[in-house]
Amino acid sequence: MAEEHTAICRFCHSFCGIRVTVEGGRVNKVVGDKHNPMYHGYTCVKGRQLPQQHYNPERVLHTMKRQNDGHFAIAADQALDEMAEKLSAIIKKHGPRAVALYSATYSFPYPAGGLMAASFMSAIGSPMMFSSGSIDQPGKPVAIALHGRWDAGPQPFAEADTWMLVGANPVVSKWGGIPQYNPAKRLHDALQRGMKMVVIDPRVTECAEKAHVHVQCKPGEDPTILAGIINIIIHEDLYDADFVELETAGFGELKEIVTKFTPDYVARRADVPVEILLEAARTFAGGTKGMVTAGTGPNMAPRGTLMEYLVLVINTLCGRWMREGEAMPNPLALMPTWHGKAQPQPKPPAWGFGEKLRVRNLTNNAGGLTTAALADEILLEGEGQVKALFSVGGNPMAAWPDQLKTYEAMKALELNVALDIKMSATAKLCDYVVGTKLGLETPAVSQPNETIWGYGASTGFPEPYAMYQPTIVEPPKGSEVLEEWEVFYGLAQRMGLQLEFAGVLLDMVNKPTTDDLFELMCAGSRIPLAEVKKYPHGHIFTDDSIRVLPRDEDCEEKLDIGNEFMIGDLQQVVAEPVTSDAAYSDELSFSHRLVSRRLNDVYNSSGRDIPALTKNHRYNPAFMNPGDMQAAGLSHGDVVRIQSDHASILGIVEEAPDVRTGVISMAHAFGDAPEYDNQLMYIGSNTGRLTNVEKDYDPRIGMPRMSAIPVNLVRVDGPLSNQ
Ligand SMILES: Nc1nc2c(c(=O)[nH]1)N[C@H]1C(S)=C(S)[C@@H](COP(=O)(O)OP(=O)(O)OC[C@H]3O[C@@H](n4cnc5c(=O)[nH]c(N)nc54)[C@H](O)[C@@H]3O)O[C@H]1N2
Ligand SMILES: Nc1nc2c(c(=O)[nH]1)N[C@H]1C(S)=C(S)[C@@H](COP(=O)(O)OP(=O)(O)OC[C@H]3O[C@@H](n4cnc5c(=O)[nH]c(N)nc54)[C@H](O)[C@@H]3O)O[C@H]1N2
Ligand code: SF4
Ligand SMILES: [Mo]
């Protein structure tokens, strides 16, 4: 007899409400749950493959230990014993800083894992906690630290009459920009009600197709474009003068510097028509509600922090923050009530605090320790050298910038451990690979999507939605898979450490359950977890009485729209030659800029072992404008060598009229270690190799240039080799 359950899809961060059919203890079908009030039955092609993901023949169903040249399954208890022993020896000899944690993509859907790992790190006394956030959009939190966060948050998408996306494609990525919960429908509804959208992107993305104004710019020029838009907004008096007067500092400095970003200058530099630029500024600022939000593209291009800062400045100039007395769109549910106030929060430090890295004068910063420097920390000998690494739901070999350096680092570690579901490019180089439980094999809560609310305008649930999912199926028979948190709890037990989880000292003898941990994580939440559990389809816990509170009488905080560092950066931008490649790459001149992008069927390096998801792309095509291809004498399917000033990779060219002239659009997280390069047709190429982490990086936070990378290309006619 088949049973039906509702559940949370955890293939991606969107957490769609799904309906799962289970027969004989196995999941055999996933569809959208049309009774779910947040997603209304939506699923994507990835979510519908959860059965294939759970029963993938390639799945790691045990803990694997590397012995001689291969990996062999061993009992999890034995593996934890051995790991604990090695860790203790490393800490004894080199100190706790020698142990590093990399929490990445799949820490998010299993929040108890991330918390337990962090708790373990503090118990051993290591500050070396890194995450994928610092190779994603670290400029966001850093810019918020400089500009200030408006306590009551941004205006909601549901009420917006204008919206601007800067290098984000949420219809495909489901990651912010437009509430990422069935975003295509939300966008459709908003456009139907008359919302006007501006998109700044070198590609005619799924979002740009729907935009009223599309600024199809040269990539990497977003700070210039945004400064130009600010200039137009100020000089055409399109800003909210009262809000600026009351709530901000630095208007004079801002106005002075942006005067240099005249429409003509910006148009020349970003290679866009002046009229489009004027229309973009007027369309956005001409509305009354709605936000500018940026995605990964321009965050990975040079000066991501400045770009994010200018995004905040436009929102502030236009007064697009929640005002006193308005109903809080999302007062949260599985978190303590958010009583927003109509005032800026005190500004945290942006950089220059916490752990100092041993390279590039980097410190901790609001975006977290620099993952782009972790390979250096592993390779650089001397006191503090990192000797042990835990990758939790992450794949450094696929994702870290400068893959060849990462490769050396992965091989140099004394203890390299991955918590993963497959033998990823990284796992293959690990000493231990702990096979972990998958999304339908453990309880789930929607809380992670609440914790990101406020990270950028329009990330996180737009309304106080919450859902809980119990375990739906047991892992495959004969397997021994762990939850991420069990690994760190088990290590702590063996090493005699007391862990503190969500502010509570854990019982280190009687192991908690995942549900116990969820209770601790949700302590003090506006809606008790027990209440949320009553709603198997998820529920929106609306409370219109929760309104934005007035400014505290003694609050003297202002939003800083003339931050000295950011004004300084704008001065540097103006001082650059108009073709700014010269500022980065002095020796060579380059014909194209390679930009990052997401593909609908895969999630970073996940999904490429599921046949239904590789129908369109086994490899990551190098998408190019047909005109560029013709000019270079290239045809569809040709192999080209793509050369940055650091390294080269091979790409398989594909015609894409949506891609701007002078641009190559290529997805990341493909490919593998160099010895697999001849399998280009099956595994693609790693664009991360093109990045030099020691050059062209943000000197304050270490974010390297991972998009808008200057490259040249030449056709390769002979046998394939990536060297
Ligand atoms: N050049 C370039 N580089 C980039 C980017 C780019 O656009 N361009 N994007 C950057 C961004 S935004 C990010 S976030 C990072 C991503 O960086 P990572 O998170 O390090 O990369 P992923 O490929 O997502 O790695 C996820 C790993 O988790 C495993 N996994 C899948 N499901 C589960 C599960 O249920 N449990 C566990 N434990 N593991 C699971 C997968 O097999 C995979 O090995 O990459 C960054 N790197
Ligand atoms: N299907 C799918 N969904 C995903 C992922 C995936 O791999 N697949 N990855 C997930 C992850 S880890 C993240 S962080 C999010 C990211 O979510 P998004 O930030 O929305 O990512 P993208 O869809 O790559 O959109 C980035 C856009 O930036 C544009 N771009 C590139 N360079 C520049 C530039 O210099 N300037 C401007 N203006 N635009 C530029 C690209 O053309 C692209 O359209 O997506 C998540 N969702
Ligand atoms: S968008 Fe797709 S992969 Fe992401 S949660 Fe929804 S169904 Fe799952
Ligand atoms: Mo990401």
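Ligands are counted one by one from 1 in listed order, and the atoms in each one are counted from 1 as well.
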For [X], the ligand 2 atoms whose distance to one of its heavy atoms is below 4.0 Å:
{"X": "I200", "answer": "38 (N)"}
{"X": "V595", "answer": "31 (C), 32 (N)"}
{"X": "G295", "answer": "19 (O)"}
{"X": "N600", "answer": "1 (N)"}
{"X": "G220", "answer": "34 (C), 35 (O)"}

Polar contact flag, side-chain donor to acceptor under 3.5 angstrom, Q216-D201: no
Can you tell which part of [X] has a heavy atom less than 4.0 Å from ligand 2: side chain, backbone, both or neither?
{"X": "T105", "answer": "neither"}
{"X": "V602", "answer": "backbone"}
{"X": "A301", "answer": "side chain"}
{"X": "T205", "answer": "side chain"}
{"X": "K46", "answer": "side chain"}
{"X": "N169", "answer": "both"}
{"X": "D136", "answer": "side chain"}

At the 4.0 Å heavy-atom cut-off, does [X] count as touching ligand 1?
{"X": "R10", "result": "no"}
{"X": "Y110", "result": "yes"}
{"X": "W400", "result": "no"}

Within the 6.0 Å centroid threshold, strictly below: [X] and [Y]:
{"X": "Y102", "Y": "F130", "result": "no"}
{"X": "F461", "Y": "Y181", "result": "yes"}
{"X": "F390", "Y": "Y432", "result": "no"}
{"X": "H13", "Y": "Y603", "result": "yes"}

Could you pull out, from [options], the option with a heavy atom nearest to [atom]?
{"atom": "atom 12 (S) of ligand 1", "options": "R597, R598, Q137", "answer": "R598"}
{"atom": "atom 7 (S) of ligand 3", "options": "G17, G32, C12, C44", "answer": "C44"}
{"atom": "atom 3 (N) of ligand 1", "options": "M706, E483, R608", "answer": "M706"}
{"atom": "atom 40 (C) of ligand 1", "options": "F670, Y106, Y603", "answer": "Y106"}

Using a plain distance cutoff, I'd like to know if [X] has any nitrogen or oxygen under 3.5 Å from a nitrogen or oxygen of ligand 2.
{"X": "A708", "result": "no"}
{"X": "V166", "result": "no"}
{"X": "W175", "result": "no"}

List the closest protein heavy-atom neighbour of [atom]: residue, atom name, distance to the nearest 0.1 Å.
{"atom": "atom 30 (N) of ligand 2", "answer": "G297 CA, 3.5 Å"}
{"atom": "atom 23 (O) of ligand 1", "answer": "S605 OG, 2.5 Å"}
{"atom": "atom 10 (C) of ligand 1", "answer": "I135 O, 3.3 Å"}
{"atom": "atom 42 (O) of ligand 1", "answer": "D420 OD1, 2.7 Å"}
{"atom": "atom 17 (O) of ligand 1", "answer": "A399 CB, 3.1 Å"}
{"atom": "atom 26 (C) of ligand 1", "answer": "G393 O, 3.4 Å"}
{"atom": "atom 8 (N) of ligand 1", "answer": "H668 CB, 3.2 Å"}
{"atom": "atom 1 (N) of ligand 1", "answer": "T687 OG1, 3.4 Å"}
{"atom": "atom 18 (P) of ligand 1", "answer": "Y102 OH, 3.4 Å"}
{"atom": "atom 45 (O) of ligand 2", "answer": "S173 CB, 3.2 Å"}

Where ligand 3 meets [X] - atom numbers and elements under 4.0 angstrom, heavy-atom basis:
{"X": "F11", "result": "3 (S)"}
{"X": "G47", "result": "2 (Fe), 3 (S), 7 (S), 8 (Fe)"}
{"X": "C9", "result": "3 (S), 5 (S), 7 (S), 8 (Fe)"}

Any ion pair linking [Y] and [X] (charged N to carboxylate O, less than 4.0 Å)?
{"X": "D609", "Y": "R59", "result": "no"}
{"X": "D658", "Y": "R203", "result": "yes"}
{"X": "D222", "Y": "R303", "result": "no"}
{"X": "E221", "Y": "R269", "result": "yes"}
{"X": "D601", "Y": "R608", "result": "no"}

For the residue pair D420 and V60, establish whether any side-chain heavy-atom pair is separated by less than 4.5 Å. no
Given the options L310, T305, L306, D569 meets side chain to side chain contact (heavy atoms under 4.5 Å, CB included) only with L306
As a test of understanding, state which of M128, M410, E377 forms a side chain to side chain contact (heavy atoms under 4.5 Å, CB included) with L389. M410
Name the one of R19, H5, H40, H537 that satisfies side chain to side chain donor-acceptor pair (under 3.5 Å) with D33? H537
So, applying side chain to side chain donor-acceptor pair (under 3.5 Å) with T442, which one of K437, R10, E486 is it? R10
Ligand 3-proximal atoms of Y603, by part, heavy-atom distance under 4.0 Å: neither
Atom 6 (Fe) of ligand 3 and C16: any N/O/S contact shorter than 2.8 Å? yes
